[in-house]
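What follows is a set of notes on a single structure, which appears directly below.
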Amino acid sequence: MKCLQLNLNHCQAAQDLLAQTVYELKVDVAILSEPYKKKDDSCWVSNRTNKSAIWYCNANASPINMMADSDGFVCTEINGIFIYSCYIPPSYDLEKFNRITDTLVKDARNRSPVLIAGDFNAWAVEWGCRANNPKGKALLDALSALNVVLLNTGTTHTFSKNGVGSVIDVAFISGCVSSRTSWSINECYTQSDHRAITIIIDDPQFKHSEPDRRKGWKVNTFDEKLFEEIFTGTDFSGSADERSKKLMKLITNACDASMARRKCGNQMPKPVYWWNSNISMIRAQCNHARRLCQRARNSSNFTSHRETYKLRRKELKNAICDSKRKAFSDLCTDVDNNPWGLAYKLVLKKLKRHAQPKSPELLRSIVDTLFPTHELVEINIAPIPDASIPTITYEEIFKAGGKLSSHKAPGIDGIPDIALKTALKCNPKVFASTFGTCIQEGVFPSIWKMQNLVLIPKSSNRVSPTAYRPLSILNNTGKVLEHIIKNRLESHIDNKLSPLQFGFRKGRGTIDAINVVKSIVEKAICGRRWLHGDKQYCLVVTLDVQNAFNSASWAHILNALKCLNVPPYLTNILSSYLSDRVLQYSTREGVVKRKITAGVPQGSVLGPILWNIMYDEVLRIELPKDITIVGYADDIAIVVVAKTLPALVQLSELATSSIKRWLEAKCLQLADHKTEAVLISSRKKVEKVQIRVGDCIIESKSCVKYLGVIIDHRLNFRDHLEYANNKAAIATTALARLMANINGPRQQSKQLLAGVVKSILLYASPIWYSALEIESYARGVKSTYRRCALRVCAAFRTVSEEAALVIAGIIPLDIAAKEQNTISSLRRDERSYSIKRDERLLSIARWQRRWNICEKGRWTHRLIPNLAVWLGRKHGEVDFYLTQVLSGHGCFKSYLHRFGHEADPYCEVCGPDFIEDAEHTIFVCRRFAGQRRRLNESLGTDLTPETLVKCMLENENAWTTVSRIAAEIMQHLRWSEQQRRRRDNSTPATDTNVDQVTYELDT
């Protein structure tokens, strides 16, 4: 294990260079003092002051957890070694220094082996200083209580500044590993006043050079014709297991012949994205200048060498900043080519690496918790006459193959989906023969039962087993057989399942489940009066089942299949599917395999439908009619209606206790403490109730979150709009970085990115769309929606919402929500393209009526009176300059005067009789007579505000001409404004009313 010890001196350039240094030196662990900023990475820990940090930077690194955190140090465990990163500022007095070192020793006393490294700002002759100071003596005295050995050798300075050097970066290690540990000062340039120190621990348990054994091929080298030539064959002989192995061998051989294999080897970190040859050359020059400065410490040339060194340091810092700026600009430009590509994923943090834990002990604990052991189910496969089993048809195979996506990662076998789909298309006979044998024998081949474990972190706590979501990577060829079985199974049981199960079913979704809950609540609280009336209380209780899918009992699944009268041949192969399953996961010590005795694989095709079959019974528990159980996958919502609160509590406890008993009988466990409840009523007084769930007393809340929608105690969805607004605001802020006003993506690309914000705001809108009619509720979400529209059309923030939406071509939020509600009310088979198109035309008509009577954006309305024509155009996109003309908000004196940035609103050329606004500038002003003449000649007509947009929409050349001349005019106005400011010798106005970011040109 190679460690790099370095004090970054709170320097941004030093931390930037650190990533490249780690790549070049193949460092596994970076022990850092004074980092510039905390790295957003699960492999980075820092103390509470962010002065000490540890970065596990190996590409195969698993998440690390903080073992200790104090004012002067942080500790974590990596590969069995407890690593301490320390930094004690020189401003701390001796008393505080002793307190920190005593805490360090107390924490390290019970840990072994330990590596303690950092900048203590202490001097001692033991590590190369000229003399001891009180802090150096105190550090030696404190560490004498530990069995540690000093690693520093020699007297070379680890810190140097202005010709003065010292040794203040020290490292200690436990004696049991000191014999196989080396310490040396590295000559790489760091941009810090401190030098990098390399610590190498020869740890036989740390397999740094262990090759990556992943299977797979390079999809971009796939030769379809060659694959089809190789993938030939008629029928296989033997049992289902033998045929499946032969089939996999045939597919593998065809993949080997038609694609290049991935290189197996150690995955080292990649160079930083901004690195280039120019920065490499400047860093070498900077390192050379540093050495000359150090060697000339006592000579007459020291001053000149020091100045040269400072100049080179500044040049390197500027080169890094310029390269990062250019890389980000290129990233924004790439949005036009691929809006959902690298830029989008980086900005929304969708490229976070979910590093898998490698500790054998932690993984064993995770697997034991998430995959409980049940009694083995005895599988009895009853013989069935072949004539009673439907044969596998080519149509079934092609339908199953159509479910495969070419853009997903390959399964555990490494075979890309594109190769498997080609195999199904060119030789379906061999699949029909193999799958037919599996169906007839009632055997799901063991080669397709292997599942590889992938853990997705759910929280920052990487020690708790419940902090991970387990997914199973399966064989994709086996998934084809699963699809065939699923299609046959659905045809037998779909109509027999409870209509209140909405998860994993065709034609049913989250909106349908929430709508059932909403309709029951509305009916309960919409009565006329409490006394002698039909108005009632309603309590919505949401239950959480612990580790539901991995705890499903195979015995109960098979019993449920029999109760639904599933054909025996399907029951046989499903019994085989659930037996003898093997889970494998990788640790530092190798691959571990474990037999699975319960659960449905998360990531499989059959898992969801088998879960629904077993879970169906809980939705059919006999309860009073005032109790309704709604299911979505494993989520349960209990809706209880009653006239009085005591009756409501009694019915709720009856329902929860009945469900709890059923779950326990099926080997499932209810998380009692995670139960939530909301009491919904129309009374002015806010009331609460308490219900008992197991050993917990649950008090009703003001709102609960059910399937992504916030249900509040008044059912007015105000809390949901606030929640959606906060979530969308975060996405808007992130995406705004990609939607620069100058030199940013095209409007079409911006509209696609804005669709992310729109989808967040409109999630489940058919449920809550009526809440937008209340202005106080809708104010927040409309504000976020408006900011997104401003970014799309590159407008100033003073542009009204109405005008910004029109220019950007984004339909108002409430109209879009009403449109979705109308479409959602139709059956899924009725939601054709023509119906959606007609609804969109009705939405535009509503928008047009609102646009005609709106008091704001009248200049924009004068230019764009017809929304249908503007939105339906086949060409043309707005930009920063054209938007200023269309909105009237730009570098016009009347606009600047309005916000106090100009003394008067009059045109400086045409005189005080003319106000310099958009109309005067474009159509009247003498300054731009030449541009206006060229524009009229190009379009063949004398333009007016009423005909400008009409001419632009006639053809693409006209749009381009207007856009180009608008840019010329607006750039000239911006230049004139700058000249007036310089002439008046005044500083630019602060950003109090105008968006200064969008106001300045991108140079």
Side-chain angles (χ1 to χ4, degrees), residues 2-11 13-15 17-18 21 25 27 30-35 51-52 72 85-92 97 115-140 143 149-173 181-200 283-313 316:
K2 179 181 284 189
C3 303
L4 182 73
Q5 177 188 348
L6 178 62
N7 186 320
L8 295 173
N9 206 22
H10 197 69
C11 174
Q15 186 157 335
L17 282 175
L18 172 67
T21 303
L25 298 182
V27 171
I31 306 172
L32 307 172
S33 302
E34 290 192 284
K51 295 292 185 180
S52 304
S85 175
C86 309
Y87 177 74
I88 303 180
S91 58
Y92 285 8
F97 183 93
L115 171 61
I116 302 173
D119 180 3
F120 290 91
N121 284 293
W123 288 13
V125 295
E126 281 78 359
W127 52 77
C129 298
R130 295 190 300 273
N132 292 351
N133 69 354
K135 290 184 179 179
K137 294 178 181 178
L139 180 61
L140 289 172
L143 294 182
V149 177
L150 177 66
L151 289 176
N152 291 56
T153 58
T155 59
T156 305
H157 292 164
T158 62
F159 168 82
S160 179
K161 187 175 183 180
N162 294 328
V164 179
S166 62
V167 182
I168 54 178
D169 301 290
V170 296
F172 299 84
I173 197 165
T181 304
S182 61
W183 181 96
S184 62
I185 296 178
N186 198 287
E187 293 299 325
C188 66
Y189 182 72
T190 64
Q191 190 73 1
S192 170
D193 296 330
H194 295 253
R195 302 177 71 179
I197 298 170
T198 303
I199 302 173
I200 301 177
R283 184 179 68 165
Q285 295 174 353
C286 200
N287 198 22
H288 179 66
R290 176 180 65 88
R291 292 176 181 174
L292 291 178
C293 181
Q294 290 175 337
R295 293 169 185 168
R297 187 173 300 150
N298 297 321
S299 68
S300 59
N301 297 329
F302 174 71
T303 302
S304 62
H305 284 303
R306 184 178 62 180
E307 293 301 321
T308 302
Y309 176 42
K310 288 183 178 180
L311 183 64
R312 293 284 182 253
R313 280 172 57 91
L316 178 60

Spatial distance of atom CG (L6) from atom CD1 (I31) [nearest 0.5 Å]: 11.0 Å
Residues that R313 engages under salt bridge (charged side-chain N to carboxylate O under 4.0 Å, His left out), provided they are two or more places apart: none
Heavy-atom pair with the smallest gap, counting every atom of C3 and V27: C-CG1, 4.4 Å
Side chains of T21 and R283 in contact at under 4.5 Å (non-hydrogen atoms): yes
Pair S33, D119: side-chain N/O donor-acceptor within cut-off below 3.5 Å: no
Within-4.5 Å side-chain heavy-atom neighbours: L17 and T190: no
Exercise: identify the closest heavy-atom pair between F302 and A296: CB-O, 2.9 Å
Spatial distance of atom SG (C11) from atom CG (L18) [nearest 0.5 Å]: 11.5 Å
Intermediate values then yes/no, side chain to side chain contact (heavy atoms under 4.5 Å, CB included), Y87 and L32: CA-CA 9 Å; Y87 177 74; L32 307 172; over 6 Å; no
4.5 Å side-chain heavy-atom contact, I197 and L151: no
Side chains of H157 and V167 in contact at under 4.5 Å (non-hydrogen atoms): yes
Donor-acceptor pair, side chain of N121 and main chain of I168, under 3.5 angstrom: no
Gap between atom CG of D193 and atom CD of E34 - 0.5 Å precision: 10.0 Å
Closest non-hydrogen atom pair between Q191 and A13, with its separation: CG-CB, 3.5 Å
Spatial distance of atom CG (L311) from atom CG (L316) [nearest 0.5 Å]: 11.5 Å
Non-hydrogen side-chain atoms of L292 and N301 separated by less than 4.5 Å: no
Check: N287 and R291 side chains under 4.5 Å, non-hydrogen atoms: yes
Donor-acceptor contact present, side-chain D169 to main-chain A196, <3.5 Å: no
Any N132 side-chain heavy atom under 4.5 Å of E126 side chain: yes
Approximate separation, where rounding is to 0.5 Å, of R295 CZ and R290 CZ: 9.5 Å
Any donor-acceptor N/O pair, S192 side chain to N7 backbone, under 3.5 Å: yes
Nearest heavy atoms of F159 and H194, plus distance in Å: CD1-NE2, 3.4 Å
Least distance between heavy atoms, C129 atom then W123 atom: SG-CA, 3.7 Å
With R195 via salt bridge (charged side-chain N to carboxylate O under 4.0 Å, His left out) - residues at least two apart: E187
Worked check of side chain to side chain contact (heavy atoms under 4.5 Å, CB included) between W127 and L140: CA-CA 11 Å; W127 52 77; L140 289 172; 3.7 Å; yes
S184 side, atom OG; I199 side, atom CD1 - distance, nearest 0.5 Å: 9.0 Å
Y309: partners by ring pair (Phe, Tyr, Trp, His ring centres under 6.0 Å), with sequence neighbours left out: none
K2 (side chain) donor-acceptor with L25 (main chain) under 3.5 angstrom: yes
Closest non-hydrogen atom pair, K51 against P35: O-CD, 3.7 Å
Backbone of C188 reached by a side-chain donor or acceptor of N186 within 3.5 Å: yes
Within 6.0 Å of CH2 in W183, more than 12 heavy atoms from elsewhere: yes
